[in-house]
Chemist: 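Structure provided below as structure tokens; questions to follow.
Order of the sequence lines fixes the chain letters, A, B, ..., with proteins taken first and strands second; residue numbering starts at 1 for each chain.
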2 protein chains.
Amino acid sequence: MSREGGESGPRPGRIGIGLELDAVHFKILDVLRENGRISVAALAERVGISRANAYTRFEALRADGTIKRFTAEIDHVRAGLGITALIFVTVRQQMWRQFRAELARMPEVEYCAITTGQHDAMIQIRVSDVAEVHAMVTERLAGIPAVKATETVFILDEVLKRPYVLPSDHPRQQRRPAPDPSPADVPLGKMRFVGAAEGRAALRKE
Amino acid sequence: MSREGGESGPRPGRIGIGLELDAVHFKILDVLRENGRISVAALAERVGISRANAYTRFEALRADGTIKRFTAEIDHVRAGLGITALIFVTVRQQMWRQFRAELARMPEVEYCAITTGQHDAMIQIRVSDVAEVHAMVTERLAGIPAVKATETVFILDEVLKRPYVLPSDHPRQQRRPAPDPSPADVPLGKMRFVGAAEGRAALRKE
DNA sequence: GTTGAAATTAGTACGAA
DNA sequence: TTCGTACTAATTTCAAC
């Protein structure tokens, strides 16, 4: 399976290599993200395909890596980690490897992403009290040579957390390549982009 | 919210109301977050308890809300949503209700958190191309009266994403309430906290 | 809280459309 | 490919300890 030539229709989940996802695949993913423990038999019924087909597609999605894993969503507050904070980190260039290595040693880090903009990375941590945030930043992060500066904000409330967004959720799946650039009704002054130019070289992941 | 008075022992996951989590509960959560589809029988074996016990605790964790749900982690790139961006939003005071309502109508938003600091909220979106980010910010977000300003950064790479952090991951679970404030060896100049005070001031600049 | 049964359900393999 | 069925293996439930 390789490059397809002149196709006309909107091809949902085609990313060069891997499985070509159709509507049924997305339906499966949709069911699975809201109920990761559903049996394949029940899944087949909800999607409207045979059990054998469901097993085939389920396995294909798993083998392909489209489904990375199944996990339990845990209530952090009940689990004892009621404090969530974001730490924006400026990383010294060419020390990304060290930064990443140190991150792996910090269990309180739930998420880390490399970003454009003013900072180079954003990490999200879960701890049990605010003092730990301080300890985390000063004792651990600031001690890493790769870390040039940090900026910390607290998360006061998590308004929404969707179990992974799918293209099938989006209203208009087929988009025009470059829409009419005349947003006369939009107050552009409200908006500000912080692009790669301003937040330069996070790209160089070493 | 019930304040607990003079407590002595360090009780891992006690949050006033709900289940009191012990080491076995955390072990269960630990297994479940890395394999949400494991059978309870296999779970019991891995945790080292009987099946009946595993069923009881499993149900209790679910009923209690400590386990919020089970979900499939999906590869966004393979699913056709290769672009991830963060949008920091400044919200007009007393228009939060509207803001939240509008958020619910945006399927490309995966996560939204209320934060301290310069902005009021951070939202993470997943879309298929960069043009959609622009469309999202200008056509949808900027059109909401509650939105005063936005700032957008792109996520270039997601370095790590842990399936929910647990207190049992942390090395020192028992912490001293207020540690010795003498970080002589820590370069404090590196660090900067952005608290609610500073953030609130930023709100009023209209 | 544990073990060991029965009942149910899940997963596999196969031929047919 | 997909479906339907039969077969096998595993899980869940329920009982007594």
Side-chain angles (χ1 to χ4, degrees), chain A residues 1-5 7-73 167-168, chain B residues 9 11-14 18-74 78-80 168:
Chain A
M1 213 157 293
S2 49
R3 272 242 146 277
E4 48 235 281
E7 299 231 11
S8 52
R11 295 163 324 177
R14 185 63 158 108
I15 318 294
I17 222 153
L19 213 59
E20 185 148 2
L21 306 179
D22 59 22
V24 175
H25 285 118
F26 281 118
K27 193 98 185 281
I28 290 172
L29 294 175
D30 187 38
V31 172
L32 248 27
R33 72 179 161 162
E34 65 185 26
N35 184 4
R37 275 183 82 83
I38 194 173
S39 71
V40 182
L43 173 69
E45 193 179 13
R46 284 193 56 179
V47 174
I49 56 176
S50 70
R51 292 202 311 161
N53 193 359
Y55 275 105
T56 305
R57 286 167 176 271
F58 181 85
E59 253 320 303
L61 287 168
R62 240 181 170 320
D64 179 60
T66 304
I67 297 174
K68 291 196 284 190
R69 67 179 149 191
F70 291 93
T71 188
E73 272 194 25
S168 47
Chain B
R11 295 169 325 182
R14 183 68 156 104
L19 213 60
E20 187 147 1
L21 306 178
D22 59 23
V24 175
H25 285 117
F26 281 119
K27 193 99 187 281
I28 289 172
L29 294 175
D30 187 37
V31 172
L32 248 25
R33 70 181 163 161
E34 65 184 25
N35 183 3
R37 276 183 81 84
I38 193 172
S39 69
V40 182
L43 173 69
E45 194 179 13
R46 284 194 56 179
V47 174
I49 55 175
S50 69
R51 294 190 305 271
N53 192 357
Y55 276 103
T56 305
R57 286 166 176 271
F58 180 86
E59 256 319 305
L61 287 169
R62 239 180 169 324
D64 179 61
T66 304
I67 297 174
K68 291 197 284 190
R69 65 179 151 193
F70 291 93
T71 188
E73 271 193 25
I74 291 157
R78 279 183 207 270
S168 47

Chemist: Report the distance from atom CG of B:N53 to atom P of D:dA15, rounded to the nearest whole Å.
Modeler: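 It works out to 19 Å between those atoms.
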Chemist: On DNA chain D, does the nearest nucleotide to B:A42 precede the nearest nucleotide to A:A52 from the 5' side, or the other way round? Give the residue.
Modeler: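 That would be A:A52.
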Chemist: Atom CG of A:L43 and atom P of C:dT9: how far apart are they, to the nearest Å?
Modeler: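 In whole Å, C:dT9 P lies 17 Å from A:L43 CG.
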Chemist: Would you check if A:R57 and A:V47 make a side-chain contact, meaning some heavy-atom pair closer than 4.5 Å?
Modeler: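 A:R57 vs A:V47: side chains apart.
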Chemist: What is the distance, to the nearest angstrom, from the CZ atom on A:R51 to the P atom on D:dG4?
Modeler: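 The answer, rounded to whole Å, is 11 Å.
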Chemist: Starting at atom OH of B:Y55, determine the distance to atom P of C:dT9, rounded to an integer number of angstrom.
Modeler: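 It works out to 13 Å between those atoms.
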Chemist: Rounded to the Å, how far apart are B:R37 CZ and D:dA10 P?
Modeler: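 Value for this atom pair: 17 Å.
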Chemist: Side-chain contact test, heavy atoms from C-beta onward, threshold under 4.5 Å: evaluate it for B:D30 versus B:R46 and give yes or no.
Modeler: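 With C-beta onward as the side chain, the pair stays apart.
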Chemist: Taking for each residue the nucleotide of DNA chain D with the nearest heavy atom, is it A:T56 or B:A41 whose nucleotide lies nearer the 5' end?
Modeler: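 The residue closer to the strand's 5' end, by nearest nucleotide, is A:T56.
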Chemist: For A:H25 and D:dT1, what is the distance between atoms NE2 and P respectively, to the nearest whole Å?
Modeler: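 After rounding, the gap between these two atoms is 11 Å.
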Chemist: Does B:A44 offer a backbone N or O that forms a donor-acceptor pair with the side chain of B:R51 under 3.5 Å?
Modeler: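 Here the side-chain-to-backbone pair does not exist.
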Chemist: Separation of B:R57 atom CZ from C:dG1 atom C1', in whole Å?
Modeler: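 Result: 10 Å.
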Chemist: Counting only heavy atoms not in B:E34 (residues, nucleotides, ligands), do more than 12 fall under 6.0 Å from its CD?
Modeler: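 Correct, the count exceeds 12.
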Chemist: What is the separation between atom CZ on B:F58 and atom P on D:dT12, rounded to the nearest whole Å?
Modeler: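 Computing the B:F58:CZ to D:dT12:P distance gives 8 Å.
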Chemist: Would you indicate, yes or no, if D:dT11 has its OP1 or OP2 atom less than 4.0 angstrom from a side-chain nitrogen or oxygen of B:S39?
Modeler: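 For D:dT11, OP1/OP2 do have a side-chain N/O of B:S39 under 4.0 Å.
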